[in-house]
Amino acid sequence: MNYKKNLFHVEHISTEKLSKKFKTPLYCYSYLRLKNNITNFKNHFKKINPLIFFSVKSNSNVKILKEIKNLGLGADVVSKGEMMKALKAGIKTKKIVFSGVGKTYLELEYAINKNILLINVESKNELLAIEKIAKLKKKKVDIGIRLNPNTNPKTLKQISTGKEGDKFGVNENEFLNLVKYSKMSKFLKLKCLSVHIGSQILSIKPYEKMLKVIDRVINKTGYRFEFIDLGGGIGISYEKNNKKFNFKIFNSLINNFLKKNRSRIIFEPGRSIIGNAGILISKVIYIKKNKIKNFIILDAAMNDFMRKALYGANHQIIPSIKNGRISHKKFEFVGPICESTDKFLTVNKFQFIKEKDLVIICDVGAYGMSLASNYNVRPLPAEILVKNSSVQIIKYRQKLSDLI
Ligand SMILES: *Cc1c(COP(=O)(O)O)cnc(C)c1O
């Protein structure tokens, strides 16, 4: 995805063309980006030969999941609905893990019937619920236990999940108790220690600390886990000066860890696989000026893309056609929704822009469409996938008649 002669292109097709055909707001993904991200992720960890399970909550479009499956990945799911989508995409049950603090009895039953690879347990009571179902079905269920390693991931507080006080996983003491309990159970087969400390992590330090904690806890259990599930969380560059995640160091830390612990590593990446493979194309409805700034009112809103409203996350906005005429003013890109948090970005300069122009909100592939809602009775946008020289609608724009 790049400019060709001042026109932004997704592979071989310009965003101008795409928006004419498919209207706006429009989610658009590049297959090539997706494929490169997966290839790179695999190459970073060649020696480790990990199982890579895509985090479905980051993007749950079935067509995208199908492509991801064809590129060799499994799925990390956090609800029955996500599991059904993963299965619909053709992902094998033995390439699915199920996480989440509030799996219902019905969801657990569904997962147990499907014989998925692992249910990653997040509390004593969930463990007991699984055991109860397993006993009724006269089955032995494969589980992991999610450890809360009490590690500060140094990311946005809203997407931090591995500190004491976060609802996720169990602390060290409880972990040791649950290991003891599972070892004695006739209906549980403990196979995995899992962690997931947060998202959009760019520093290696939190992972380094996390591996130390895991190593110490495993030693205390004296148990050999078939799998160590390190979760997801690897960050991407949303802003130009973001530092890059150091895969090399992470890889060597894990290799050292594996010298002492003979386990298969599982990763659950979401953002690092699909984040920069998606854009949101939006049209300017009005430009509204006051003394302090120019509001650029877009046809996309927080219901279409809510990362700014939800976490304060900034995404770059760029023009669909570059004209080279820069205005040094304060521009605020906002949506039409009746909430003051319905805004995307404030910048001190942008190119000369007028009504009906198109802009591109960058890097929205992860936690974009999967977080979209119908707030203000706005239909969900369409999603398209550009693959080689073909364009495919992978989700039709919702119709107002579906909503009313
Ligand atoms: C959200 C989530 C992930 C994916 O996180 P990314 O930051 O998108 O890589 C992985 N595992 C679990 C359990 C999650 O909840």
Side-chain angles (χ1 to χ4, degrees), residues 34 37-38 40-42 44-45 50-61 64-65 68 73-79 81-83 85-86 95-103 107 111 116-123 126 143-149 151 153-163 166-170 192-204 206-207 210 214 227-238 242 245 247 250 265-278 307 310-311 313 315 363-371:
L34 171 64
N37 289 342
I38 291 178
N40 290 339
F41 196 96
K42 285 181 182 166
H44 288 306
F45 301 110
L51 292 165
I52 306 172
F53 294 163
F54 178 68
S55 170
V56 173
K57 78 172 189 288
S58 69
N59 189 312
S60 60
N61 186 293
I64 296 274
L65 295 177
I68 287 174
L73 272 52
D76 160 51
V77 301
V78 293
S79 70
E82 285 191 0
M83 206 183 312
K85 279 194 167 192
K95 284 180 121 178
I96 296 178
V97 294
F98 189 12
S99 313
V101 294
K103 307 178 196 79
E107 287 183 309
I116 62 169
L117 183 70
L118 293 166
I119 300 175
N120 283 333
V121 174
E122 306 216 15
S123 65
E126 184 191 343
I143 61 161
I145 302 173
R146 179 163 172 182
L147 174 71
N148 181 329
T151 314
K154 300 200 172 75
T155 180
L156 295 169
K157 68 175 190 304
Q158 300 95 324
I159 52 177
S160 149
T161 57
K163 284 185 298 183
D166 290 332
K167 69 180 175 182
F168 300 97
V170 296
C192 179
L193 179 157
S194 86
V195 285
H196 172 69
I197 57 174
S199 200
Q200 185 52 17
I201 300 168
L202 287 168
S203 160
I204 193 69
Y207 285 112
M210 172 187 98
I214 298 176
F227 303 105
I228 302 290
D229 181 345
L230 296 176
I234 293 172
I236 62 173
S237 305
Y238 284 113
N242 271 166
F245 183 79
F247 280 94
F250 195 29
I265 295 292
I266 298 174
F267 287 118
E268 302 170 345
R271 192 188 307 276
S272 52
I273 299 296
I274 194 72
N276 70 0
R307 290 196 73 246
L310 190 62
Y311 317 126
H315 285 251
D363 307 315
V364 301
Y367 309 102
M369 187 62 168
S370 65
L371 274 166

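Because only heavy atoms are used, hydrogens play no part in the values below, and waters and symmetry mates are left out as well, while side chains stay in. Numbering of ligands and ligand atoms starts at 1, following listing order.
- With respect to K57 and E82, no salt bridge is recorded, no charged nitrogen being found less than 4.0 Å from a carboxylate O.
- For the pair S199 and ligand 1, the shortest N or O to N or O distance falls below 3.5 Å.
- With S194 contributing its side chain and D229 its backbone, the two residues share no donor-acceptor pair below 3.5 Å.
- If you number the atoms of ligand 1 from 1 as listed, the ones under 4.0 Å from a heavy atom of S55 come out as 1 (C), 2 (C), 3 (C), 4 (C).
- Considering backbone and side-chain N/O atoms, G270 comes within less than 3.5 Å of an N/O atom of ligand 1.
- Listed by chain and residue number, nothing satisfies the side-chain hydrogen bond (donor to acceptor under 3.5 Å, both in side chains) test with T151 (two or more places apart in sequence, or in another chain).
- Looking at residues two or more places apart in sequence or on another chain, you find a side-chain hydrogen bond (donor to acceptor under 3.5 Å, both in side chains) between N61 and E383.
- In this structure a side-chain-to-backbone donor-acceptor pair under 3.5 Å is present from T155 to S199.
- Of all the atoms in ligand 1, the ones that sit under 4.0 Å from a non-hydrogen atom of R271 are 6 (P), 8 (O), 9 (O).
- Of all atoms in ligand 1, listed by their number and element, those nearer than 4.0 Å to a heavy atom of P269 are 9 (O).
- The closest protein non-hydrogen atom to atom 2 (C) of ligand 1 is K57 NZ, 2.3 Å.
- No part of E122 comes within 4.0 Å of ligand 1, judged by heavy-atom distances.
- Ring orientation note: the planes of F247 and F45 are nearly perpendicular, at an angle over 60° on the 30°/60° scale.
- At least one heavy atom of G233 sits under 4.0 Å from some atom of ligand 1.
- Ranking the protein heavy atoms by distance from atom 8 (O) of ligand 1 puts Y367 OH, 2.6 Å first.
- Here the closest heavy-atom approach between residue A86 and residue I96 is recorded as CB-CD1, 4.1 Å.
- Contacts of D76 with ligand 1, taken as heavy-atom pairs under 4.0 Å, involve the side chain alone.
- With respect to atom 10 (C) of ligand 1, the closest heavy atom belonging to the protein is E268 O, 3.1 Å.
- In this structure, the ring of Y367 has its center no less than 6.0 angstrom from the ring center of Y311.
- Aromatic ring pairs are classed by plane angle as parallel below 30°, tilted from 30° to 60° and perpendicular above 60°; the pair F250 and F245 is perpendicular.
- Close contacts between ligand 1 and R146 involve ligand atoms 13 (C) [criterion: under 4.0 Å to a heavy atom].
- Close N/O approach between S58 and ligand 1 is not found [any backbone or side-chain N/O within under 3.5 Å].
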